[in-house]
Amino acid sequence: MKRKLRMGMVGGGNDAFIGAVHRIAAFMDGKIELVCGAFSIDPQISKQSGEDLFVAPERVYLNYEEMIEKESLLPEGERMDFVTIVTPNFLHFAPAKLALENGFDVVVEKPMTVSVEEAKELQETVERTGRTLCLTHTYSGYPMVKQAKAMVKEGHFGKIRKIVVEYPQGWLSRLTEREGNAGAAWRADPKRSGKSLVMGDIGTHAAHLAEYVSGLKIEELCADLTTFVEGRLLDDDGSVLLRFENGAKGVLMASQISAGEENAVRIRIYGEKGGLEWANEDPNNLIIKMLDQPRQLYRTGNAYAAPYTLSSFATHNTRIPAGHPEGLLESFANIYRNFTLTVTAKREGRTPTAEQQDFPTVYDGVRGMTFIDTVVKNNEGTEKWTKFVV
């Protein structure tokens, strides 16, 4: 295709944080342009957001139904190609399904839906329509996360035995949802967020990261959820023991009441011969720890000589020379770029490369919702271990 992909947006108006992050990431490679949107349930905010983003007034819509209907009636050379959905969780499913059924590809925030049933219905819709759905599990977009995945897959550490993943935040250590914080208010509302606050908001990121890097699927889990802040309607802290398909054991900690923490995502994986460590707050570094050897440090953007050569997945997602930090926006942009390259290849009748198809999909969304559901079920039940069944 000799043009940019045309993006529509549901949510993400001037009063929202994550919408701007998506737009920055989407525009970073110059392969996407914003052509329409239903930016807010408040008509004035939506209108003003459209003006600020230089969207034609007639393509700023009152709601996603109107947007999808009117965009589908436009000539093929004018209508949007895909829609990005950046609304609270309970408003993911309906616009995603409607967009897919009207011939549009979809990028959607996680968690994909608020129930396993909705997630599986979206999976069926993707398979039936042949469209592409991208789920923004951001941390899988970092070059050193992809290097870690490649090294595990190549058997560098031997058979994997232990997976430890953690995601502590401190921003909900008080009853922030009652202090005028709109983002906290909807996340802590079971009607808009779903069954779990901490597992839906950040635990799914941790679970996806564990499975993505290790290449192993969770088979069973044992969970402990707690609501520490008095007056909160959903859990704000959780610990989960994990059993993986090859016999590996794992520990997942997700907490939004870890006072003083910012966004301290970290994963450690240990095999028979050694292990690795990666942390979101220092994302250019991948620490390798082998038995009877000094620690090794892999850094983004370096042209290491064999046998330390970085994988094609790491280099494909590296944007700038070594020594220049690549962070959240670049990771987000990698997911958008790979989605764009995949969609473009499909439209041109080509098969996307493995590197281009390396982004979270509807299948990750189904696993994410199953994770939340299984954690809540185990926490509320009497059995020690609950099967993770997709």
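Atoms considered below: every heavy atom in the structure, side chains included; atoms not considered: hydrogens, waters and symmetry mates.
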What closest approach, in Å, do [X] and [Y] show between heavy atoms, and which atom pair accounts for it?
X: I335; Y: C134; result: CG2-SG, 3.4 Å
X: I163; Y: A210; result: CG2-CB, 3.9 Å
X: S255; Y: D237; result: OG-OD1, 2.8 Å
X: I68; Y: A99; result: CD1-N, 3.7 Å
X: L175; Y: G231; result: CD1-C, 4.0 Å

Basic-acidic side-chain contact under 4.0 Å: [X], [Y]:
X: E78; Y: R6; value: no
X: E124; Y: K120; value: no
X: R131; Y: E101; value: no
X: R187; Y: E177; value: no
X: K149; Y: D358; value: no
X: E166; Y: R266; value: yes

Short side-chain donor-acceptor distance under 3.5 Å, [Y] and [X]:
X: S239; Y: D224; answer: no
X: Y308; Y: Q296; answer: no
X: N263; Y: Q169; answer: yes
X: E127; Y: Q123; answer: yes
X: Y167; Y: E261; answer: no
X: D201; Y: Q256; answer: yes

Common cluster, [X]/[Y], ILVMFWY with side-chain heavy-atom separation under 4.5 Å:
X: L98; Y: L62; result: no
X: V343; Y: I32; result: yes
X: V35; Y: V83; result: yes

Rounded at 0.5 Å granularity, tell me how far [atom1] in [X] sits from [atom2] in [Y].
X: E272; Y: I160; atom1: CD; atom2: CD1; answer: 8.5 Å
X: M9; Y: T84; atom1: CE; atom2: OG1; answer: 5.0 Å
X: M67; Y: Y61; atom1: CE; atom2: OH; answer: 8.0 Å
X: T227; Y: R232; atom1: OG1; atom2: CZ; answer: 8.0 Å
X: D15; Y: I45; atom1: CG; atom2: CD1; answer: 4.0 Å

I'd like to know whether [atom1] of [X] has more than 12 heavy-atom contacts from other residues, nucleotides or ligands below 6.0 angstrom.
X: E262; atom1: CD; result: no
X: Q293; atom1: CD; result: yes
X: K217; atom1: NZ; result: yes
X: I41; atom1: CD1; result: no

Report yes if the side chains of [X] and [Y] come closer than 4.5 Å at any heavy-atom pair, otherwise no.
X: I372; Y: P111; answer: yes
X: M112; Y: V362; answer: yes
X: H208; Y: L135; answer: no
X: M290; Y: H156; answer: yes
X: E117; Y: M369; answer: no
X: V145; Y: I267; answer: no
X: L74; Y: R59; answer: yes
X: L5; Y: K31; answer: no

* Quick one: ring pair (Phe, Tyr, Trp, His ring centres under 6.0 Å) partners of F388, sequence neighbours excluded? ->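 F388 satisfies ring pair (Phe, Tyr, Trp, His ring centres under 6.0 Å) with no residue once adjacent residues are dropped.
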
* Listed once per pair and sorted, the ring pair (Phe, Tyr, Trp, His ring centres under 6.0 Å) pairs that draw on residues 244-289, sequence neighbours left out ->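 Pairs touching residues 244-289 that pass the test: Y142-W278.
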
* Pick one: which of R295, R268, K289 meets side chain to side chain donor-acceptor pair (under 3.5 Å) with E277? ->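 Single pass found, and it is K289.
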
* Asked: Would L276 and V152 satisfy side chain to side chain contact (heavy atoms under 4.5 Å, CB included), going step by step from the backbone distance to the final call?
  -> CA-CA 9 Å; L276 64 84; V152 171; 3.7 Å; yes

* To do: Show the numbers, then the answer: is there a side chain to side chain contact (heavy atoms under 4.5 Å, CB included) between K195 and N379?
  => CA-CA 12 Å; K195 293 181 178 181; N379 180 73; over 6 Å; no

* For K346, what residues pass the side-chain hydrogen bond (donor to acceptor under 3.5 Å, both in side chains) criterion, not counting sequence neighbours? ->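 With sequence neighbours excluded, K346 shows a side-chain hydrogen bond (donor to acceptor under 3.5 Å, both in side chains) to T132, given in chain and number order.
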
* Listed partners of K110 passing side-chain hydrogen bond (donor to acceptor under 3.5 Å, both in side chains), at least two apart ->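 For K110, no residue satisfies side-chain hydrogen bond (donor to acceptor under 3.5 Å, both in side chains) once neighbours in sequence are set aside.
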
* Asked: Step by step, would you call F104 with S72 a side chain to side chain contact (heavy atoms under 4.5 Å, CB included)?
  -> CA-CA 9 Å; F104 300 112; S72 65; 4.1 Å; yes

Short question: side chain of [X], backbone of [Y] - any donor-acceptor pair under 3.5 Å?
X: Q147; Y: A314; value: no
X: D235; Y: S196; value: no
X: S46; Y: A38; value: no

* To do: Enumerate the residue pairs fulfilling salt bridge (charged side-chain N to carboxylate O under 4.0 Å, His left out) with a member in residues 326-336, sequence neighbours excluded, ordered by first and then second residue.
  =>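 Counting only pairs at least two positions apart or across chains, no salt bridge (charged side-chain N to carboxylate O under 4.0 Å, His left out) contact touches residues 326-336.
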
* Taking the six-membered ring of F90, is the NZ or CZ of K191 close enough (under 6.0 Å from the centre) and on axis enough (within 45°)? ->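 Judged by the rule, K191 and F90 form no cation-pi pair.
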
* **Chi angles and distances behind the side chain to side chain contact (heavy atoms under 4.5 Å, CB included) call for F93, V114** => CA-CA 8 Å; F93 170 74; V114 293; over 6 Å; no

* With a 6.0 Å cut-off on ring centres, are Y139 and Y212 close enough? ->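 Distance test on ring centres: not under 6.0 Å, no.
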
Which pairs would a plain distance check flag for residues 18-29, meaning a side-chain donor or acceptor within less than 3.5 Å of a matching protein atom at least two apart in sequence or in another chain?
from : atom 1 : to   : atom 2 : distance (Å)
H22  : ND1    : Y336 : OH     : 2.8
H22  : NE2    : E109 : OE2    : 2.8
R23  : NH1    : G12  : O      : 2.7
R23  : NH2    : G12  : O      : 3.3
D29  : OD1    : R319 : NH1    : 2.8
D29  : OD2    : R319 : NH1    : 3.2
D29  : OD2    : R319 : NH2    : 2.8

